[in-house]
Structures are given as C-alpha cells and as structure tokens.
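Worksheet: the structure to be examined is printed underneath.
For this chain, numbers begin at 1 and follow the sequence in order.
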Amino acid sequence: MRVFKTIFSFLFDKRKNERFLGFLDEAEDFFAKILSLVMLIVILFTIIDLSIVLVKELSSPPTGNFSKGLLKIFGLFLNVLIALEITQNITSYLSNHIIQIEMVIVTSLIAVARKIIILDFEKISDTELFALAAAIFALSICYWLVRRTNSKYPPHH
C-alpha cells in the first residue's frame, strides 16, 4: 500500500519530478536485469536443444537427407546468436541507458537471415518471399544509414 501511496504522490506533486524520474530509472534497471536473467535461461535451453539435435543428427546413420537436418541445426544456431544479441542489447542498455539502434538492427537482420536459411521454398508464397526481401532491404538501408551517421558523429563520452 505504501508503494502505491508513493507512486500516487509522485504523479501529482510537480516538485517531485526528479525523484519520480529516478524511480522510473530504477524500475527500468530492475526490469532490464530480470530480462537479462531470463535471456540467460533462454540461451541455456537453446544451447541444450541445439546440442541434442546435433548429437541426434551426427549419430544417426546417413540417409542422404543431411541438408534438411543441417538447416535445422543452422536455425537453432542462429537462435542462440539472436538470444545473445538480445542479451547484448539489454546489457548495453544497462551500461549506458541508451538503446543502441545499430545493435537492434543487426539483431533484426540475423532474425530475418535465420528465417531465410530455414525457409521451405516449396511452402512459401511469392508475396511472403517479396515481404522478406523488402524487410532485408529496409533493414540493410537502415543499418547503412545508422553506420554512416555513427561514423560522422561518434558518441561523446
């Protein structure tokens, strides 16, 4: 109840704006830390899943269909990479309190690349393929623009 009273007083007392912003900052840090811990658990289980699939694929007798299993392995590997990138995004936020758009775009590019790698071209429509191509193009342009801007105007520490 005391927490609600404190929050309520923050909302209606203009003299407490700095304290309220400090409270929000602490809350964001807390939730970012929780997300980091959850992402570590996700990474652990993703690596376990990757390991199980890899052992099954390598220990089964060759059937001439390894490429399908290989695509699954690549997809799982990229899942780990995406989870690591998301964790890096959260860590960067905790360090600098800034969401680094370049990292977010790279994570998005990896996610779209993963989708393309595991894509079953027999089951995808032309529209879906065009949408993926448009997403890659848009993300690539965004990445190029952000990199170009960052190189012209490096952050001041």
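Counting heavy-atom neighbours within 6.0 Å of Phe77 CZ, excluding the residue itself, gives a total of 12 or less. More than 12 heavy atoms of other shown residues, nucleotides or ligands fall within 6.0 angstrom of atom CG in Leu40.
How far CD of Glu85 is from CE of Met103: 6.0 Å, rounded to the nearest 0.5 Å. Put simply, CD1 on Ile110 and CD1 on Ile82 are 6.5 Å apart, with the number rounded to the nearest 0.5 Å. Considering CZ of Phe137 and SG of Cys142, their distance stands at 10.0 Å, rounded to 0.5 Å. Within the model, atoms CZ of Arg114 and CG of Leu109 stand 15.0 Å from one another, a figure rounded to the nearest 0.5 Å. Put simply, CD on Gln88 and CE on Met39 are 12.0 Å apart, with the number rounded to the nearest 0.5 Å. Between the CG atom of Leu35 and the CG atom of Asn89 there is a distance of 11.5 Å, given to the nearest 0.5 Å.
A chain of hydrophobic side-chain contacts below 4.5 Å, direct or via other Ile, Leu, Val, Met, Phe, Trp or Tyr residues, connects Tyr143 to Ile116. Leu139 and Ile101 fall within the same hydrophobic cluster, defined by Ile, Leu, Val, Met, Phe, Trp and Tyr side-chain heavy atoms under 4.5 Å apart, directly or through other members. A chain of hydrophobic side-chain contacts below 4.5 Å, direct or via other Ile, Leu, Val, Met, Phe, Trp or Tyr residues, connects Ile117 to Leu81. Hydrophobic clustering, with ILVMFWY side chains joined whenever heavy atoms are under 4.5 angstrom apart, keeps Leu44 apart from Ile73.
Annotation: side chain of Leu132 is in contact with side chain of Leu119 (closest heavy-atom distance under 4.5 Å). At least one side-chain heavy atom of Thr91 sits less than 4.5 Å from a side-chain heavy atom of Thr87. Using a 4.5 Å heavy-atom cutoff, the side chains of Ile118 and Phe74 are not in contact. Side-chain contact between Val80 and Leu76: absent, with no pair of heavy atoms (C-beta onward) separated by less than 4.5 Å.
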*Stepwise side-chain contact (heavy atoms from CB on, under 4.5 Å) test for Asp49 and Asn79*: CA-CA 10 Å; Asp49 192 34; Asn79 283 347; over 6 Å; no
_Phe45 vs Ile41, side-chain contact (heavy atoms from CB on, under 4.5 Å): CA-CA, chis, key distance, verdict_ = CA-CA 6 Å; Phe45 281 105; Ile41 294 167; 3.6 Å; yes
_Walk me through whether Ile90 and Ile86 qualify under side-chain contact (heavy atoms from CB on, under 4.5 Å)._
CA-CA 6 Å; Ile90 296 167; Ile86 291 170; 4.2 Å; yes
